[in-house]
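These notes are about the structure you will find just below.
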Amino acid sequence: MPAATSPHVLPLHVLLEQRFGFRAFRANQEAVCRAAVEGADVLLVMPTGAGKSLCYQLPALARGGTALVISPLIALMDDQAAKLEALGLNVARIHSGLSRESAREACRGYLDGTLDFLFIAPERLRVPGFPEMLAKRKPGLIAIDEAHCISQWGHDFRPDYRMLGQHLQNLRPSPVIALTATATTQVQHDIVAQLGLGHGGREPAVFIHGFRRDNLAIEVVEVPKPKRPAFASELLADPAARPAIVYAPTRKDAEMLAGELGRSFRAAAYHAGLEPDHRERVQRAFLAGELEIVVATIAFGMGIDKANVRTVLHIALPSTLEGYYQEIGRAGRDGLPSRTILMHSFADRKQHDFFFERDYPPVERLDAIYKVLGEDPIHREKLPDLLKRAKMRLEQEELDKALEKLLIHGGAVLDYEGFVTLGHGNWRKPYLVQSTHRGSQLDRVIRFTESGDCRMTQLVRHFGDTEDGLAGCGICDVCAPGSSLTQTARPLDASELRLAHQVVGALAGGGYGGGSKSTGKLHSELCAKNGMTRDSFEDLLNALAAAGFLRIEETSFEKDGRTIPYRKASLTHEGGTFSDRDAETVMLRELNGSASAAAAPAGKRTRKPAAGNSRGSAREDAPLSGAAAALEERLRAWRKAEAQKLGQPAFCIFPDKTLRAIAEEQPRSEDDLLAIAGLGPAKITKFGEGILGICAAVR
Ligand code: ADP
Ligand code: MG
C-alpha cells in the first residue's frame, strides 16, 4: 500500500496523538489528511460526527502557517475555537458577536503570523479592506466548513458564501478544503464549481464516505397529527429511548410539545425565538444529561456533539432528505443501537405546500421590488414607501421574503449598512429554477416515506456514496417490520386473504404484460360490498407490494390543466402465482399504542384527495352532532353570501363534502384548516379568516 511508504505517515500519526490526543484515525480521515497536507484541494463529504474537523485541523498544523477557517455559524466557530484552544493552540475569531478591538487584535495576530487558526464568518469578506488584509499573508490552508451553504441547492443556502470563490483567488496558492455533511451529487458539483476547487493543474481530491449508519434503525410511520404528542410521549417512556431529540416543525409546536413532554420527562424547547443565553442553558443542560429530551426546531443541532442520543423523533415531515439525514444523524454517535422515528400524514404535505408558497413568492412580487430599485442606494426600510407609491402593497414579511430571493439571485444588491441598489436583470430564470427544485425536494421526501425500499439504502443512494454496497440495513421498518416500535405486523385474516385473491384476479390477464389498474378503481370494484375503507385497502395493497406480489407506481394524469397524482398497481411475476401459502409472508402493519385509537376504520389515514379519498368521506351519510349541524348551517349561509359576492356558484367556493368536514373538525387555526381535504393554501388565504370566524362564533 502506498500509504505505508508515504513520508507523512509517521508525522501525521505523531501529530494526531500529540496534538489531538487521539490514538488512531477514524475511517477515511488519514487519506483525507494526506491529500490536504500535500496541498491538494479537497472536497470532503462525510456525515455529521464522522470527524471532519480533524481533516483540516491536522493538515493545518502539518503544513504550518495560519489556517483560515470560514464557518457560517457563531456557535460552530466558538465551539471549534474553544476545542483548539484547549489543545494549547493559538486561535482567533472574528464575528459579529465580538468587539471591534478583538477583531483588530485578531488581524494583528494574523499579519504577525502568530496564529494557528483564524476563524471568520463569510460576511466579514464584505467589509472593505478585509479581503486585502488577508491576502497580505497567504494562509497555510483554507477550510470552508458547512460548504453546502454555497449552493442554492443545499438546504442552508447562504448568500454570503457566494462570494467565497471570488475571494479565494486572491489567497491562492493556499489549498482549499471544503467540508460538508450534507451534499447531494448536485450540491457536490456546485461546491467544486463555485469555489473553483482544483489548482496548479490538479483536480480536487473528492472524498464521499460513511453515509451508512449501521446502528440507526429508521422508522417511518403515518400518524394523524392530533395523536402525535401522546404517541411521542409513549415512545419516549422507555428509559432506553432517552436522551432524545424531538424535531418539531414550528416554534409553537416545539413549545407545546416540550410543555406536554415536560409533565413526564425532563424536557425543554429549543428554537431560534428564545434568548441566546436561554438556548445556551438548554443546550448545556442537555449535553450534561440534566435534560433528557430537547424539543427543537431545525435551529438545534449544528455542532451539537452529544454521543449518547438514543432517539431522534420527527413529529412532522421534514422538507428535505438532506436535512432529515442530518437530523437523524445526531442519534447514536457512540455507535450503540439507536432509533429514529418519523411521523407524518397527508396533512404535512399540505402544510409544506403552504410554507412553500410563503417562502417562494410569485415572481411578480420580486419584479415589483426590482422595478423600484435604481443606481442610487435606497435603505431597505424605505422600500415599503416606494412600493406603496408604485401601487404595490406588501406586508413586511412578504417584502422581506421577496427581497431575500431577489438578493440571492442578484436582482438587487445589499450593502453592509442595509442599502439596496439595482442588480443585474438575469435573476428570473434562476429564481424559477430554484423554486421548482425546492418543490422536487419535497417530492423526494414523500417518495422516501412511501417507498418499499430499505430506508438506510435510500438515504445512502441519495448522497451518491457509490462505494457503499447498497445492501438492506436489516433493522429499519422496511427490512425488519417485526422490530418496529411504532407498528405491529400481523398476518392477513380470512376476509383480507379473500380480498388479496380478488386483487390478484382483477389484475391478472389483461393481455400482454398483465393489466394494471389505479388503486382507486380497484377499491371501488372490490370493496363496494365488503365496506373496507380506501385507507385499509391501500394498506393491504402496500403489504402485498412489500411482500413482492404487487408493483405500485406513483403516477399522474393531466386534467383541465392540472396534474392529478394517483397510484397504479400491477402484478409482479410472483404475484401471478399467488397462493394461500404465499399469503403467509404478507404482513399488515398497524399502529401501536395510543395512536392505534386513531386507526378506527373511517378516519384512519388521510391520503391524497386525488386518490378519491377525503376526510370524512366515509361518514358522509352519518348525521352530524347538534353543534356540528348548527355550524354546517352557518357555513352554508356564509358560503352562499360569498358566492354571490363573487358571482360564482357556491360549490366553487368549496363543495358540500368540504363544508361538512369543516363542520365536523371545527378548526381553530389555519393549520387545522390545512388538514381538511379540499382546503389548500389558496383557499385558506381567501376564505380562512371567514371560516375560522364562524367556527369561533359557534363555540
Ligand atoms: P463533523 O464535523 O464531521 O460533524 P467533528 O469534527 O465535530 O465531526 O468530530 C466529531 C467528534 O469526533 C469530535 O468530538 C471529535 O473530537 C471526535 N473525533 C474526531 N476524530 C477522532 C479520532 N480520530 N479519534 C477519536 N475521536 C475523534
Ligand atoms: Mg463539523
Side-chain angles (χ1 to χ4, degrees), residues 3 9 11-34 36-37 42-62 67 69-89 91 93 117 119 121-122 141-150 154-156 158 161 177-183 191 207-213 215-216 245 283 287-288 300-309 312 322-323 325-336 463 465:
V9 170
L12 289 189
H13 270 106
V14 172
L15 270 178
L16 181 71
E17 191 153 358
Q18 289 184 347
R19 301 311 281 272
F20 294 91
F22 296 143
R23 269 202 255 122
F25 282 108
R26 288 211 186 131
N28 309 306
Q29 280 180 328
E30 188 175 359
V32 183
C33 287
R34 209 175 314 115
V37 171
V42 171
L43 170 63
L44 173 58
V45 188
M46 290 203 299
T48 305
K52 289 186 291 300
S53 315
L54 184 91
C55 297
Y56 77 80
Q57 291 168 352
L58 187 104
L61 297 181
V69 187
I70 296 161
S71 178
L73 276 189
I74 294 180
L76 277 182
M77 224 185 273
D78 290 351
D79 178 62
Q80 296 284 341
K83 281 186 179 159
L84 290 168
E85 270 169 353
L87 298 174
L89 293 163
V91 184
R93 290 164 292 158
F117 292 91
F119 286 82
L141 172 154
I142 303 164
I144 297 171
D145 207 1
E146 311 294 339
H148 59 278
C149 295
I150 201 170
H155 65 106
D156 286 322
R158 295 269 303 241
Y161 261 61
I177 171 163
L179 311 110
T180 176
T182 144
I191 294 173
F207 299 89
I208 304 163
H209 290 303
F211 282 95
R212 182 171 292 274
R213 293 280 311 276
N215 62 326
L216 296 192
I245 303 175
Q283 180 165 328
L287 290 178
F300 184 73
M302 250 204 187
I304 293 288
D305 196 3
K306 183 174 174 67
N308 64 338
V309 173
V312 169
E322 295 88 287
Y325 180 87
Q326 180 98 321
E327 284 149 17
I328 64 171
R330 294 182 181 122
R333 294 215 194 148
D334 53 10
L336 298 175
F463 288 104
D465 188 347

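One-based numbering, in listed order, for ligands and for the atoms of each.
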- Heavy-atom side-chain proximity of V45 to F463 below 4.5 angstrom: no
- Can you find a pair of side-chain heavy atoms, one from F207 and one from C55, that are under 4.5 Å apart? no
- Short N or O distance, G51 and ligand 1, threshold 3.5 Å exclusive: yes
State if [X] counts as touching ligand 1 under the rule of any non-hydrogen atom under 4.0 Å.
{"X": "A50", "answer": "yes"}
{"X": "A24", "answer": "yes"}
{"X": "M46", "answer": "no"}

Out of all atoms in ligand 1, which are within 4.0 Å of some heavy atom of [X]? Include the element for each.
{"X": "P47", "result": "3 (O)"}
{"X": "Q29", "result": "19 (C), 20 (N), 21 (C), 22 (C), 23 (N)"}
{"X": "S53", "result": "2 (O), 5 (P), 6 (O), 7 (O)"}

- Message: Just to be sure I read this right, does ligand 1 sit under 4.0 Å from the backbone of R23, its side chain, both, or neither, counting only heavy atoms?
- Response: neither
- Donor-acceptor under 3.5 Å (K52 side chain, L44 main chain): no
- Message: With a 3.5 Å distance limit and no angle check, can you tell me whether R19 reaches the backbone of Q57 through a side-chain donor-acceptor pair?
- Response: no
- Message: Side chains of S71 and Q80 only: does a donor on one sit below 3.5 Å from an acceptor on the other?
- Response: no
- What residues, two or more places apart in sequence or in another chain, satisfy side chain to side chain contact (heavy atoms under 4.5 Å, CB included) together with P47? A50, F211, Y325
